[in-house]
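Everything below concerns the one structure shown next.
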Amino acid sequence: MIRDAINIKKDDKVKVIAGKDKGKVGKVLKVSGKKNRLLVENINVVKRHTKPNAQNRQGGILESEALIHWSNVMLMCNKCIEPVRVKTKTLDDGKKVRICRKCSEIIDA
């Protein structure tokens, strides 16, 4: 499998640009680099029917977030307050940072 360069990290704010949740904004909970997928808060919520077992005595229908491909989301800029493309820049001290292409604001804290 080809691994793409994902410029989205955990705790980033992203906006969904494709799929059933298009237009929604959420926080990234988990990044799965090998699968090129993200787990985003309250995005791609799926229902799972479960039987009663030792952990879940009642059983029933459980709702949880499922992974979404990283190409279906865009990073949100804190200054622009809209989804933006990102470029990387190396600072004088050798640290790499992500920069907003619209307002040239540093996205990394």
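What's counted below: heavy atoms across the whole structure, side chains too, no hydrogens, waters or symmetry copies.
- For the pair V28/I8, a side-chain contact is recorded, criterion being any heavy-atom separation below 4.5 Å from C-beta on.
- D92 meets the side-chain contact (heavy atoms from CB on, under 4.5 Å) test with no other residue; sequence neighbours excluded.
- Between V97 and L91, the closest side-chain pair of non-hydrogen atoms falls below 4.5 Å.
- The shortest distance between side-chain heavy atoms of I107 and N78 does not fall below 4.5 Å.
- In this structure, C77 SG and R85 CZ are separated by 13.5 Å, a value rounded to the nearest 0.5 Å.
- Every pair tested for salt bridge (charged side-chain N to carboxylate O under 4.0 Å, His left out) that includes a residue from residues 64-77 fails, sequence neighbours excluded, so the list is empty.
- T50 places a side-chain N or O within donor-acceptor distance of the main-chain N or O of G60, the cut-off being under 3.5 Å.
- Scanning for side chain to side chain donor-acceptor pair (under 3.5 Å) contacts around T88 gives an empty result, with sequence neighbours left out.
- Under the side-chain contact (heavy atoms from CB on, under 4.5 Å) criterion, K30 pairs with L39, not counting sequence neighbours.
- Within the 4.5 Å cutoff, no side-chain heavy atoms of L29 are placed close to those of V40.
- The shortest distance between side-chain heavy atoms of N56 and L62 falls below 4.5 Å.
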Atom pairs and distances, side-chain donor-acceptor, residues 42-49, under 3.5 Å, sequence neighbours left out:
{"unit_1": "N44", "atom_1": "ND2", "unit_2": "L67", "atom_2": "O", "d": "2.9"}

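- Residues satisfying the side-chain contact (heavy atoms from CB on, under 4.5 Å) test with I17, not counting sequence neighbours, are M74.
- A 4.5 Å side-chain heavy-atom check between K95 and T90 finds every atom pair outside the cut-off.
- Every residue two or more places apart in sequence or in another chain was checked for a salt bridge (Lys or Arg N to Asp or Glu O under 4.0 Å) with R37, and none qualifies.
- Residue pairs meeting the side chain to side chain donor-acceptor pair (under 3.5 Å) criterion with at least one partner in residues 17-26, sequence neighbours excluded, are D21-K24.
- Looking at residues two or more places apart in sequence or on another chain, you find a side chain to side chain donor-acceptor pair (under 3.5 Å) between D12 and R98.
- For the pair M76/P83, a side-chain contact is recorded, criterion being any heavy-atom separation below 4.5 Å from C-beta on.
- E82 is linked by a salt bridge (Lys or Arg N to Asp or Glu O under 4.0 Å) to K102, counting only residues two or more places apart in sequence or in another chain.
- Partners of D11 by side-chain contact (heavy atoms from CB on, under 4.5 Å), not counting sequence neighbours, listed by chain and number: K27.
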